[in-house]
Every structure is written in structure tokens, then in C-alpha cells.
Undergrad: 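Pasting a structure here, questions to come.
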Amino acid sequence: MSNSVHHQARKRFGQNFLHDPAIIQRIVDNINPQRQDRIIEIGPGKGALTELILERVESLDVVEIDRDLVESLTNSIGKDKSLKIHETDALKLDLSKFAQSDLRIVGNLPYNISTPLLFHLLNYRTCIKDMLFMLQKEVVDRICANPGCKQYGRLSIMLQIYCDVESLFIIKPGAFNPSPKVDSAIVKITPLAKPRYELSDHESLKVIVREAFTQRRKTIRNSLKKYISESDIKEFGIAPEIRAEKLEISDFVRLANCYHQLKINSL
Ligand code: SAM
């Protein structure tokens with residue numbers, strides 16, 4: 001197996017390689033690749049997941065930033081014509097170049113870039129059928145959190161408004177080499193055909209959610225005062241003294257729609 005390739009793990013690329021065959025099999029079974037699927041794997045590393053996915057599909061694209069790993073992959077499973085290796089930064093990936101719809105994105109993601117990468121991929125949600133990622137468990141908890149939990153925040157809201165999210169299972173540090181210090185988890189993210197609530201402007205939602213959670217202990221009257229007045233907040237049936245962590249996603253959408261309308265009115 002290509003996992004035996006000698007490579008000094010690079011911390012800056014978040015390299016923790018999977019070596020437990022049962023875990024690798026379980027992840028690939030959950031991806032459940034079908035022959036015609038258009039799958040892109042982010043961060044194939046030494047190919048632990050790649051090899052098994054490749055057995056089940058007609059073609060597979062992988063995106064790897066580390067030149068040395070690209071070279072060893074090219075020399076091992078890269079000879080398989082159905083594998084296309086892209087040596088690039090996943091954060092700069094233009095997914096619309098791959099397909100206009102039904103892309104499946106998978107990977108044991110480099111933890112140091114997981115949040116920006118999720119936001120980057122969200123920009124391409126209309127091209128994506130589903131995503132299955134391994135992330136730090138703490139990040140998966142934030143993605144799936146409901147109002148009132150301490151993990152609930154920007155990541156929960158921005159993903160759940162556009163996607164169904166599901167935490168599948170936990171993976172212990174011993175499944176990796178080198179072992180990370182924390183537990184990991186698998187999350188499935190499935191973009192919805194349209195946002196869960198009627199949203200007039202994505203940028204306004206981004207601003208409102210960011211500002212509301214910058215100081216999460218503040219009341220929204222204070223954290224949003226530059227954007228929406230207390231009386232406007234009240235008009236939407238939202239208590240101005242509430243904290244962001246207690247608001248439902250639908251409340252954030254109403255606040256964002258209000259802020260967007262105020263911006264239009266002021267033009
Ligand atoms: N898939 C392999 C496995 O499960 O053993 C490796 C997973 S390792 C956690 C993350 C992989 O992502 C590494 O191969 C790393 O070099 C790669 N990577 C890190 N940053 C990246 C980036 N910005 N774009 C593409 N790949 C990246």
C-alpha cells in the first residue's frame with residue numbers, strides 16, 4: 001500500500017496520515033462511491049483513501065499541495081489512467097472547472113485550513129451533490145450545533161442555511177500517523193436545492209452573523225448596533241437583549257434581510 005512510502009509529515013500542511021485499514025474502509029464505505037461519480041478528493045496524501053475510491057470509480061480527481069506527495073502518488077497509483085492529480089492549493093480551487101453539477105467532494109482535510117476551505121467550497125454549493133470530510137471533532141460539533149449550545153456559531157449557521165449536515169462517527173488519534181492530539185469525526189454535508197429560509201442577500205447574512213458572534217457574550221442590540229437599530233430588531237419579534245447563541249437560523253435570516261433592505265433604502 002502506498003501508505004508505506006517514506007515521507008516526513010509536514011505540520012504546516014496538517015499532515016496526519018490514516019493507517020488503520022478498518023477505519024479507511026469504513027470511511028470509503030460511507031462515501032459509497034459509484035462508478036459514474038465525479039469525485040474530487042482533497043489532500044490525498046499517501047493515497048490511503050484514494051486507492052480504495054479508485055477501485056470503485058471510472059475516474060477520480062485529487063488535489064494535493066505537497067509536491068513530494070504528488071511525486072510519490074504519481075509514481076505509485078498515478079500510473080492508473082483514471083487518476084488525475086492536481087498539484088495545487090485547495091483554497092484556490094475553481095470547482096466550476098470540474099463540473100456544473102453533482103460533484104462529490106471528499107477528504108481527510110488538513111485541519112489548519114478546514115474552516116476557510118469549508119467557506120470556499122460553500123461558494124460552489126450549486127455544483128456540489130455532497131461532501132464527506134474528516135475534521136477535528138470539535139469542528140464537526142460546531143458545524144452541526146443547534147442554538148443554545150456553546151459550539152453554535154458562524155460555522156453552524158452559514159453551513160446549515162445552505163446544507164443538511166450530519167455527524168457520522170468519531171475517529172480516535174491512534175488511527176493516524178503521526179497521531180493528532182484530539183479526536184476526529186466524519187461529517188456529511190449535503191447542499192440544499194435552495195437556502196433553508198428565504199434569504200435576500202448572502203453578503204448581508206455574512207456581516208450579521210460575523211458581527212453577532214465576534215463577541216458572543218454581547219446582546220445583539222450591542223453587537224449589531226452599527227447595522228440595525230433596536231427598534232428594527234424588535235419589529236422582527238426578536239428580543240434585543242438576547243445573545244447571538246440563542247437565536248435560531250431563521251432569526252439571523254430575518255435580521256440579514258432587514259439589514260439588506262436598510263442598505264437598499266439608504267442608496
Ligand atoms: N488523505 C490522506 C490520509 O487520510 O492519510 C492525508 C490526509 S492529511 C490530514 C491532509 C492532506 O492534505 C495532506 O496530504 C496535505 O499535504 C494536504 N494539504 C494540506 N493543505 C492543503 C491545501 N491547501 N490544498 C491541498 N492539499 C492540502
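Every number for a ligand or one of its atoms is a count from 1 in the order of the listing. As a basis for the values below, the full set of heavy atoms in this structure was taken, side chains included, without hydrogen atoms, waters or symmetry mates.
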Undergrad: Test of understanding: given a 4.0 Å heavy-atom threshold, classify the contact between Thr88 and ligand 1 as side chain, backbone, both, or neither.
TA: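 Near ligand 1, Thr88 shows its backbone, while the atoms from C-beta on stay back.
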Undergrad: Pairs under 3.5 angstrom only: tabulate donor-acceptor contacts from the side chains of residues 35-43 to other protein residues two or more places apart or in another chain.
TA:
residue : atom : partner : partner atom : Å
Arg35   : NH1  : Arg56   : O            : 3.4
Arg35   : NH2  : Val57   : O            : 3.3
Gln36   : NE2  : Glu58   : OE2          : 3.3
Asp37   : OD2  : Gln34   : N            : 2.9
Asp37   : OD2  : Arg104  : NH1          : 2.9
Arg38   : NH2  : Ser101  : O            : 3.1
Glu41   : OE1  : Thr50   : OG1          : 2.6

Undergrad: For ligand 1, which atoms have a heavy atom of Phe17 less than 4.0 angstrom away?
TA: 5 (O), 6 (C)
Undergrad: Could you list the atoms of ligand 1 found under 4.0 angstrom from a heavy atom of Gln15?
TA: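 What qualifies from ligand 1 is 13 (C), 15 (C), 16 (O).
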Undergrad: Please work out whether any backbone atom (N, CA, C, O) or any side-chain heavy atom from C-beta onward of Arg10 is under 4.0 Å from ligand 1, and answer side chain, backbone, both or neither.
TA: neither
Undergrad: Mark up the atoms of ligand 1 that fall under 4.0 Å of a heavy atom belonging to Asn16, in ascending order.
TA: 7 (C), 8 (S), 9 (C)
Undergrad: Report the residue from Leu168, Ile170, Leu135 that forms a side chain to side chain contact (heavy atoms under 4.5 Å, CB included) with Val140.
TA: Leu135
Undergrad: Is the shortest N/O to N/O distance between Asp89 and ligand 1 below 3.5 Å?
TA: yes
Undergrad: Quick one: NZ on Lys46 to CD on Glu64, what's the gap to the nearest 0.5 Å?
TA: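 Lys46 NZ to Glu64 CD: 11.5 Å, rounded to 0.5 Å.
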Undergrad: Can you figure out which of Gly47, Ala48, Gly43 has its heavy atom closest to atom 1 (N) of ligand 1?
TA: Gly43
Undergrad: Counting each atom of ligand 1 from 1 as listed, which ones have a heavy atom of Glu64 under 4.0 Å away?
TA: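 Within the 4.0 Å cut-off of Glu64, ligand 1 contributes 13 (C), 14 (O), 15 (C), 16 (O), 17 (C), 26 (N).
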Undergrad: Specify whether Phe252 and Tyr152 have parallel, tilted or perpendicular ring planes, treating 30° as the upper limit for parallel and 60° as the lower limit for perpendicular.
TA: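 If you compare the ring of Phe252 with that of Tyr152, the planes turn out tilted.
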Undergrad: Taking only heavy atoms of Gly14 into account, list the atoms of ligand 1 that are under 4.0 Å away from them.
TA: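 Numbered from 1, ligand 1 contributes 8 (S), 9 (C), 10 (C).
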Undergrad: Does the side-chain contact (heavy atoms from CB on, under 4.5 Å) test come out yes or no for Asn257 and Phe236, once each step is laid out?
TA: CA-CA 10 Å; Asn257 289 350; Phe236 281 93; 5.9 Å; no
Undergrad: If you count the atoms of ligand 1 from 1 in the order shown, which ones are under 4.0 Å from a heavy atom of Pro44?
TA: 1 (N), 2 (C)
Undergrad: With a heavy-atom distance limit of 4.0 Å, tell me whether Leu69 approaches ligand 1 through its side chain, its backbone, both, or neither.
TA: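 Side chain only.
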Undergrad: Within this structure, what is the CE-OG1 distance for the pair Met158 and Thr115, rounded to the nearest 0.5 Å?
TA: 13.0 Å
Undergrad: Under 4.0 Å from a heavy atom of Ile113: which atoms of ligand 1 are those, numbered in the order shown and with their elements?
TA: 22 (C), 23 (N)
Undergrad: Does His19 reach ligand 1, in the sense of a heavy atom lying below 4.0 Å from it?
TA: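 No heavy atom of His19 comes that close to ligand 1.
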Undergrad: Of all the heavy atoms in Lys46, does at least one lie under 4.0 Å from an atom in ligand 1?
TA: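 It does not, in that no heavy atom of Lys46 comes within the 4.0 Å cut-off of ligand 1.
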Undergrad: Which of the atoms in ligand 1, numbered in the order shown and given with their element, are less than 4.0 Å from a heavy-atom of Val63?
TA: 25 (C), 26 (N)
Undergrad: Going by side-chain heavy atoms closer than 4.5 Å, which hydrophobic residues are tied to Phe13, directly or by a chain of links?
TA: Ile65
Undergrad: Who gets closest to atom 18 (N) of ligand 1 by heavy atom: Ile65, Leu117, Asn112?
TA: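 It is Ile65 that holds the nearest heavy atom.
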Undergrad: Under 3.5 Å, N or O to N or O, is Ala90 touching ligand 1 that way?
TA: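 Yes, there is a polar N/O contact under 3.5 Å.
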Undergrad: Contact between Leu93 and ligand 1, counting heavy atoms under 4.0 Å?
TA: no
Undergrad: Tell me if the aromatic rings of His86 and Phe98 count as close, with their centers under 6.0 Å from one another.
TA: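 For His86 and Phe98, the ring centres are under 6.0 Å apart.
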Undergrad: Return the CG to CD1 distance between Asp251 and Ile238, rounded to the nearest 0.5 Å.
TA: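 Asp251 CG to Ile238 CD1: 4.5 Å, rounded to 0.5 Å.
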Undergrad: Has ligand 1 got any nitrogen or oxygen that is less than 3.5 angstrom from a nitrogen or oxygen of Ile42?
TA: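 No: no nitrogen or oxygen of Ile42 is under 3.5 Å from one in ligand 1.
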Undergrad: Hey, quick one: are Ile249 and Tyr259 part of the same hydrophobic cluster, counting side-chain heavy atoms closer than 4.5 Å, chains of contacts allowed?
TA: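 In one cluster: yes.
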Undergrad: Pairs of nitrogen or oxygen atoms closer than 3.5 Å, one from Leu18 and one from ligand 1: do any exist?
TA: yes
Undergrad: Could you give the distance from NZ (Lys137) to OG (Ser184), rounded to the nearest 0.5 Å?
TA: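 Lys137 atom NZ to Ser184 atom OG measures 10.5 Å (nearest 0.5 Å).
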Undergrad: Go through the steps for Ser72 and Asn75 under the test side chain to side chain donor-acceptor pair (under 3.5 Å), then give the verdict.
TA: CA-CA 5 Å; Ser72 44; Asn75 292 333; over 6 Å; no
